[in-house]
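Reviewing the structure listed below.
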Amino acid sequence: MKIEKFVLGPVGTNCYIVRNEDTMECFIVDMAACPPELVSHIKNAGLIVRAVLLTHGHFDHIMGLDRFLEEFPVQVYACGAEKELLENAQMNSSAGMLGQPYTFTGAQFVKDGDLLQIAGMNIQVIQTPGHTIGGCCYYIAEEKVLFSGDTLFRASVGRTDLPTGSMGALVRSVKERILVLPDETRVYPGHMEETTVGYEKKYNPFL
């Protein structure tokens, strides 16, 4: 597996291309924007896009979807509890914070514990409410990799002052759903740098 990070969109969101190097199939985690350079990179590398996985429905993780799907018409996955944020521009803050209302209605909804088989990888859905009510992480146990969205950052956690946010729920999610994973699990967040579960156990002041 190879993971490439692209920092995209108005607030610098980490968007990931996760590649199976044997088959050249890949999936995308979050899609803040879809610049021509990203499209060219995927095509020039000969990648076969199989899906987009959304960690949550905030504008800075979804606003590139329409353009991306024009080029790569694949399935988009998100947790079912996130439906309202995806489909309501006030709830996902695109209207209020950005002044550019955006909604997305084409997601296939998944739930906690679902196992997605995409690009030859087994991807477990771990629902982690707190940053938003339907936020989730995607865990690839064989690779000890977690895509945490805005639930967990390096030595920090996501904000909880936007619609459906709850700090109590967020801290519980991190402690009960993420910190139980192996210490060596690499965590790829929605913003800032990568970390590990073991590092966060020792140094995250919110936990």
Side-chain angles (χ1 to χ4, degrees), residues 1-79 82 85-87 89 92-95 97-110 116-121 123 125 131-132 135-140 143 145-154 158 186-195:
M1 186 180 73
K2 179 179 180 180
I3 300 172
E4 296 177 282
K5 180 175 76 174
F6 293 81
V7 182
L8 303 173
V11 294
T13 301
N14 293 338
C15 303
Y16 299 99
I17 299 176
V18 185
R19 172 194 310 193
N20 182 327
E21 293 199 275
D22 291 330
T23 66
M24 299 305 284
E25 296 173 292
C26 70
F27 62 88
I28 313 298
V29 180
D30 292 335
M31 185 50 57
C34 184
E37 296 79 11
L38 178 67
V39 174
S40 296
H41 174 79
I42 292 172
K43 291 182 176 180
N44 291 340
L47 299 180
I48 306 164
V49 182
R50 294 302 189 194
V52 177
L53 308 183
L54 300 180
T55 60
H56 63 292
H58 280 154
F59 73 89
D60 58 316
H61 291 252
I62 67 172
M63 288 191 72
L65 282 172
D66 289 344
R67 176 74 183 94
F68 186 82
L69 294 176
E70 289 176 3
E71 295 285 348
F72 308 101
V74 297
Q75 185 63 64
V76 177
Y77 294 91
C79 265
E82 206 69 348
L85 266 79
L86 288 169
E87 298 180 2
N92 66 37
S93 299
S94 59
M97 294 182 66
L98 197 63
Q100 299 177 27
Y102 180 84
T103 59
F104 182 74
T105 58
Q108 178 172 326
F109 294 113
V110 296
L116 306 176
Q117 295 181 320
I118 300 170
M121 304 178 212
I123 307 161
V125 179
H131 179 62
T132 63
C136 69
C137 301
Y138 297 99
Y139 179 51
I140 305 174
E143 301 285 347
V145 163
L146 181 81
F147 296 95
S148 65
D150 289 4
T151 296
L152 178 65
F153 300 134
R154 183 177 175 88
R186 291 173 290 152
V187 179
Y188 292 85
H191 302 276
M192 300 181 287
E193 298 305 312
E194 294 79 30
T195 185

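Atom set for the values below is all heavy atoms of this structure, side chains included, hydrogens, waters and symmetry mates excluded. Here the structure is a predicted model, which is why all the values come from computation and not from measurement.
Distance alone, capped at 3.5 Å, places no donor-acceptor pair between the S94 side chain and the F59 backbone. A donor-acceptor pair under 3.5 Å links the side-chain atoms of S148 to the main chain of L152, judged by distance alone. In this structure, D60 contributes its side chain and G12 its backbone to no donor-acceptor pair below 3.5 Å. Here the side chain of Y138 pairs no donor or acceptor atom with the backbone of V145 at under 3.5 angstrom.
For the side chain to side chain contact (heavy atoms under 4.5 Å, CB included) criterion with I17, the lone passing option out of I28, V29, V49 is I28. No option in F153, Y139, Y16 other than Y16 meets the ring-ring contact (aromatic ring centres under 6.0 Å, His included) test with Y188. H61 pairs in a side chain to side chain donor-acceptor pair (under 3.5 Å) with only one of the listed residues (T132, D30, N92), which is D30.
Under the rule for a side-chain hydrogen bond (donor to acceptor under 3.5 Å, both in side chains), the partners of E87 that lie at least two apart in sequence or sit in another chain are K83.
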**Q.** R19 and E4: CA distance, side-chain angles, deciding distance, salt bridge (Lys or Arg N to Asp or Glu O under 4.0 Å) verdict
**A.** CA-CA 8 Å; R19 172 194 310 193; E4 296 177 282; 3.1 Å; yes
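Note on E25 versus R50: salt bridge recorded, some NZ/NE/NH1/NH2 to OD/OE distance being below 4.0 Å.
Sorted by first then second residue, the ring pair (Phe, Tyr, Trp, His ring centres under 6.0 Å) pairs that include residues 26-46, not counting sequence neighbours, are F6-H41.
Taking the six-membered ring for Trp and thresholds of 30 and 60 degrees, H56 and H131 have ring planes more than 60 degrees apart, a perpendicular arrangement.
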